[in-house]
Amino acid sequence: MVIVVLSLMVLCVLLLVRMKKLTDDLKESRRMSNIKGAFLNNITDEIRTPLRSLSALADIMSKDDLYLSKAEKKNISDQMFFNTNVVTTLLDVIVVLAGRAKGQELRIESFSPNLLCRRVIQSQLNNKDISSDVKIQFRRTLDDGFFVKNDVRILELIISKLITNACKFTKVGEIAVGCTYNERMNRLTIYVQDTGCGIPEDRRDMLFTWFEQPDESRDNAELDLSIVSKLAERIGGFARFDSNYSEGTRILIELPVG
């Protein structure tokens, strides 16, 4: 009889443990579902803006009686190229984050951080969010012959996201992009800094936590920076806010050099 009672007690304990795990799994599943839903809603909203612009530009170009100067044609062409690039970038972000969940391999290749930063800056020059009173510039400290190895495609997405985010909040001054190398720690740092309105102190601890606590009341800046953080983790690095910079906002991407 004692053996039967003990067996039943053990069985009850095992059932309780199993029920606890199932409950935790269900909560996590719901949390992930909420994150995916909120993320896709935000990305969808972001995609609509450049698509509307492309539609408007295409409508202009379709008019039979339209006369455009070479400068006007180039401006329209540049805008179409930029908005197409925005859509492509957002889709690439989705692909990379989805690929992480599936264990997709990185595409490691050798590249120059200087040339990469310049290329991303060039792609942002037709961004309509850039105020005419703001300049985007590259600050060169490394030699152009300095090369590192990583997934350049993901790093390009990170820098592009940071510049786009800085453009939204900087109305006067500059947005600067640069990279440095710490030989002792064998670490590459890429930064994007601006002279914008800055980030309130009470929000700084939440900058990279959108994916842990998705909240529709928080603005797209926190989603963008959370995406940047996830992308940086994907390539072995991390993102951080530079509290020593006081002229606006500076975000640092720290990467091991391979």
Side-chain angles (χ1 to χ4, degrees), residues 46 49-50 53 71 74-75 77-79 81-86 88-90 93 111-146 148 152 154-182 187-204 206-208 219-229 231-232 237-255:
E46 283 195 58
T49 300
S53 180
K74 185 178 186 310
N75 181 56
S77 174
D78 288 343
Q79 284 301 311
F81 176 80
F82 173 75
N83 283 290
T84 300
N85 188 56
V86 170
T88 302
T89 297
L90 291 170
V93 166
F111 65 94
S112 163
N114 283 3
L115 298 182
L116 173 62
C117 289
R118 290 193 185 105
R119 184 168 76 241
V120 179
I121 290 173
Q122 186 65 34
S123 72
Q124 290 286 330
L125 294 182
N126 291 295
N127 188 338
K128 284 297 186 181
D129 286 330
I130 302 176
S131 167
S132 58
D133 296 321
V134 175
K135 292 183 179 179
I136 302 182
Q137 62 177 341
F138 174 67
R139 293 191 174 174
R140 181 175 178 270
T141 56
L142 296 176
D143 190 277
D144 287 351
F146 178 79
V148 297
V152 67
I154 295 179
L155 190 52
E156 186 168 349
L157 292 176
I158 290 172
I159 301 170
S160 180
K161 265 288 183 188
L162 289 176
I163 294 176
T164 299
N165 193 59
C167 289
K168 296 175 183 176
F169 302 98
T170 309
K171 304 307 176 186
V172 178
E174 70 171 23
I175 296 169
V177 183
C179 39
T180 60
Y181 173 60
N182 186 317
R187 177 182 293 171
L188 174 72
T189 299
I190 295 179
Y191 66 85
V192 176
Q193 66 184 39
D194 61 57
T195 54
C197 57
I199 297 171
E201 192 169 344
D202 61 348
R203 287 178 55 196
R204 292 175 185 175
M206 302 172 64
L207 287 181
F208 306 110
D219 60 38
N220 284 338
E222 287 165 352
L223 171 60
D224 287 341
L225 292 178
S226 190
I227 288 174
V228 163
S229 178
L231 293 175
F238 61 91
R240 67 180 178 91
F241 173 81
D242 188 351
S243 59
N244 295 319
Y245 181 76
S246 59
E247 296 179 23
T249 301
R250 177 192 280 155
I251 302 297
L252 308 174
I253 305 300
E254 309 274 6
L255 295 168

*Check step by step if side chain to side chain donor-acceptor pair (under 3.5 Å) holds for Ser160 and Gln124.*
CA-CA 8 Å; Ser160 180; Gln124 290 286 330; 3.2 Å; yes
*Verify side chain to side chain contact (heavy atoms under 4.5 Å, CB included) between Ile199 and Phe241, making sure each step is shown before the conclusion.*
CA-CA 10 Å; Ile199 297 171; Phe241 173 81; 4.1 Å; yes
*asked:* Under the side-chain contact (heavy atoms from CB on, under 4.5 Å) test against Cys179, which residue among Ile190, Leu255, Ile159 passes?
replied: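 Passing option: Ile190.
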Would you say [X] and [Y] make side-chain contact, with heavy atoms under 4.5 Å?
X      : Y      : result
Glu174 : Glu247 : no
Thr164 : Asp224 : no
Glu156 : Lys161 : no
Asn114 : Phe138 : yes
Arg250 : Leu252 : yes
Thr195 : Thr170 : yes
Cys167 : Val134 : no
Leu162 : Tyr191 : no

*Report the C-alpha distance between Val152 and Leu116 in whole Å, list the side-chain angles of each, state the deciding distance to 0.1 Å, and finish with yes or no for side chain to side chain contact (heavy atoms under 4.5 Å, CB included).*
CA-CA 8 Å; Val152 67; Leu116 173 62; 3.9 Å; yes
Can you tell me how far [atom2] of [Y] sits from [atom1] of [X], rounded to the nearest 0.5 angstrom?
X      : Y      : atom1 : atom2 : answer
Arg119 : Ser112 : CZ    : OG    : 9.5 Å
Ile251 : Ser229 : CD1   : OG    : 10.0 Å
Ile175 : Ile130 : CD1   : CD1   : 6.0 Å

*asked:* Tell me if a side-chain donor or acceptor on Asn182 pairs with a main-chain N or O of Leu188 at a distance below 3.5 Å.
replied: no
_Given 3.5 Å as the limit, does a donor-acceptor pair link the side chain of Ser131 with the main chain of Val172, or not?_
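No, the answer is negative, given that no donor and acceptor are paired below the 3.5 Å cut-off.
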*asked:* Considering only residues two or more places apart or on different chains, which pairs with a residue in residues 187-197 satisfy salt bridge (charged side-chain N to carboxylate O under 4.0 Å, His left out)?
replied: none
*Got a sec, which residues hit salt bridge (charged side-chain N to carboxylate O under 4.0 Å, His left out) with Asp144, two or more places apart in sequence or on another chain?*
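Only Arg118, Arg140 meet the salt bridge (charged side-chain N to carboxylate O under 4.0 Å, His left out) criterion with Asp144.
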*Which residues share a ring-ring contact (aromatic ring centres under 6.0 Å, His included) with Tyr181, sequence neighbours left out*: Phe146
*Can you check side chain to side chain donor-acceptor pair (under 3.5 Å) on Glu254 and Thr189, steps first, answer last?*
CA-CA 5 Å; Glu254 309 274 6; Thr189 299; 2.6 Å; yes
